[in-house]
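Below is one structure, written out as structure tokens, with a few remarks after it.
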Amino acid sequence: MALRAALIRHLRVPVQTLSPAGRVSQPSVANSLFGSIRFMSSHDDHLSKEDVADRVLSVVKSFPKVDPSKVTPDVHFQSDLGLDSLDNVEILMALEEEFKLEIPDKEADKIDSCKLAIEYIHNHPMAS
Amino acid sequence: MSLASTAAYAARRAAQRERVRILYRRALKDTLNWAVHRHLFYEDADNLRARFEVNRGVEDPDTIDRLIVDGEAQYNKWRHPDPYIVPWAPGGSKFTRNPTPPEGIEIIYNYGREDND
């Protein structure tokens with residue numbers, strides 16, 4: 001029992017607490033390796049912009065009415081790709097399904113080009 | 001008569017376009033709610049798009065208004081009782097599940113250590 005208690009006390013990892021002034025106290029050595037990667041957390045997986053851009057472009061390219069060779073990161077859906085406003089709605093639905101987002105109707109109107117879509121998704125806190 | 005005030009006419013047409021777009025969006029989401037399997041959804045989405053395309057060339061604003069009202073009535077009739085909503089969105093299952101605690105609250109980590117330890 002005493003051995004077990006001693007073992008557990010030896011393995012105890014100190015918690016980083018915030019001092020009242022708000023500064024993070026010095027992390028211990030055991031924590032510095034894992035400080036930036038939290039394995040079981042669901043809040044650290046914010047997408048990088050290239051990831052978002054790749055996925056958005058692949059979604060737009062796989063749209064049947066779009067010519068895949070014309071798709072670039074700053075293409076405008078209606079003027080460059082010759083799509084309709086209803087096609088715009090369809091592309092947005094595909095993007096919502098890809099990134100598990102829910103885009104409100106007002107914002108969905110304003111997303112008109114790949115660039116806006118990438119920006120919006122990148123800045124959305126719940127995109128995954 | 002409506003061509004004389006082209007700004008008002010254009011505004012009216014733009015508002016109609018807005019309504020059509022929102023109606024199409026909601027109808028498409030509803031189609032996905034009803035037709036869960038993907039191949040069925042693609043067929044139903046094509047049918048929905050064809051129904052919208054039939055009325056594409058209509059120019060008269062009153063006819064367009066009537067068509068939009070008809071379309072919205074049909075949409076309301078066919079709304080799914082249990083739509084899929086993304087969990088963190090309002091109406092979803094994870095909405096306000098774990099709100100951020102209010103400011104100024106601090107947790108003291110003493111792991112249940114008692115005073116006589």
Side-chain angles (χ1 to χ4, degrees), chain A residues 2 5 8-9 11-25 28 31 40-43 45-46 59 62-65 77-78 83-112 121 124-128, chain B residues 13-33 35-36 38 41-42 44-46 48-57 71 83-98 100-101 103-113 117:
Chain A
I8 292 178
R9 213 174 297 127
L11 288 175
R12 175 183 294 174
V13 177
V15 175
Q16 286 189 23
T17 49
L18 286 176
S19 56
R23 284 173 282 118
V24 177
S25 57
S28 69
N31 242 355
M40 307 238 211
S41 162
S42 62
H43 287 282
D45 57 351
H46 206 72
V59 164
S62 60
F63 197 62
K65 297 180 192 167
F77 294 141
Q78 297 192 16
L83 293 178
D84 200 13
S85 57
L86 294 184
D87 292 324
N88 205 354
V89 170
E90 289 184 11
I91 287 189
L92 265 184
M93 260 224 28
L95 287 175
E96 279 190 358
E97 290 191 321
E98 166 76 19
F99 289 98
K100 301 186 193 125
L101 290 180
E102 177 90 13
I103 306 181
D105 290 338
K106 296 286 174 187
E107 317 254 329
D109 269 343
K110 299 184 192 134
I111 297 185
D112 248 349
I121 294 174
H124 198 104
M126 303 294 305
S128 67
Chain B
R13 288 295 295 265
Q16 284 172 346
R17 253 178 236 130
E18 181 86 15
R19 278 176 80 180
V20 168
R21 205 164 19 215
I22 290 183
L23 177 64
Y24 183 58
R25 202 174 137 83
R26 292 188 183 160
L28 202 55
K29 288 192 176 168
D30 229 24
T31 317
L32 185 58
N33 282 332
V36 184
R38 209 68 196 181
F41 165 64
Y42 285 142
D44 287 345
D46 284 340
L48 177 71
R49 183 65 195 259
R51 279 159 64 188
F52 270 77
E53 292 282 335
V54 162
N55 298 322
R56 186 182 253 252
Y84 172 72
I85 304 179
V86 177
W88 47 263
S93 56
K94 224 168 116 177
F95 184 55
T96 62
R97 180 181 273 190
N98 257 336
T100 50
E103 299 285 319
I105 288 192
E106 210 183 275
I107 305 178
I108 302 178
Y109 291 103
N110 64 351
Y111 306 105
R113 175 181 299 162
D117 244 5

Problem set entry | Approximate separation, where rounding is to 0.5 Å, of B:R25 CZ and A:I103 CD1 | 6.5 Å
Problem set entry | Structural part of A:M93 lying under 4.5 Å from a heavy atom of chain B | side chain
Exercise. If you count the non-hydrogen atoms of other residues, nucleotides and ligands that lie under 6.0 Å from NZ in A:K65, is the total more than 12?
Worked result: yes
Problem set entry | Atom CD1 of B:I108: over 12 foreign heavy atoms under 6.0 Å | no
Problem set entry | Minimum heavy-atom distance B:W88-A:L101, with the two atoms named | CZ2-CA, 3.7 Å
Exercise. For B:I107, is it the side chain, the backbone, both or neither that has a heavy atom under 4.5 Å from a heavy atom of chain A?
Worked result: neither
Seminar exercise, completed: To the nearest 0.5 Å, atom NZ of A:K106 lies from atom CD of B:E18 at 5.5 Å
Exercise. How far apart are the closest heavy atoms of B:R26 and A:D105, and which atoms are they?
Worked result: NH2-OD2, 3.2 Å
Problem set entry | Heavy-atom contact with chain A under 4.5 Å, split by part of B:I22 | side chain
Exercise. Are B:R49 and A:D87 close enough for a salt bridge, meaning some N to O gap below 4.0 Å?
Worked result: yes
Exercise. Relative to chain B, which segment of A:E96 carries a heavy atom at a distance below 4.5 Å: side chain, backbone, both, or neither?
Worked result: side chain
Exercise. Could you walk me through whether A:E97 and B:L32 pass the side-chain contact (heavy atoms from CB on, under 4.5 Å) check?
Worked result: CA-CA 11 Å; A:E97 290 191 321; B:L32 185 58; 2.7 Å; yes
Exercise. So which heavy atom on A:L86 is nearest to which on B:F52, and how close?
Worked result: CD1-CB, 3.9 Å
For this session: Please look at A:D84 and chain B and tell me whether the side chain, the backbone, both or neither of the residue comes under 4.5 angstrom of a heavy atom of that chain.
Result: side chain
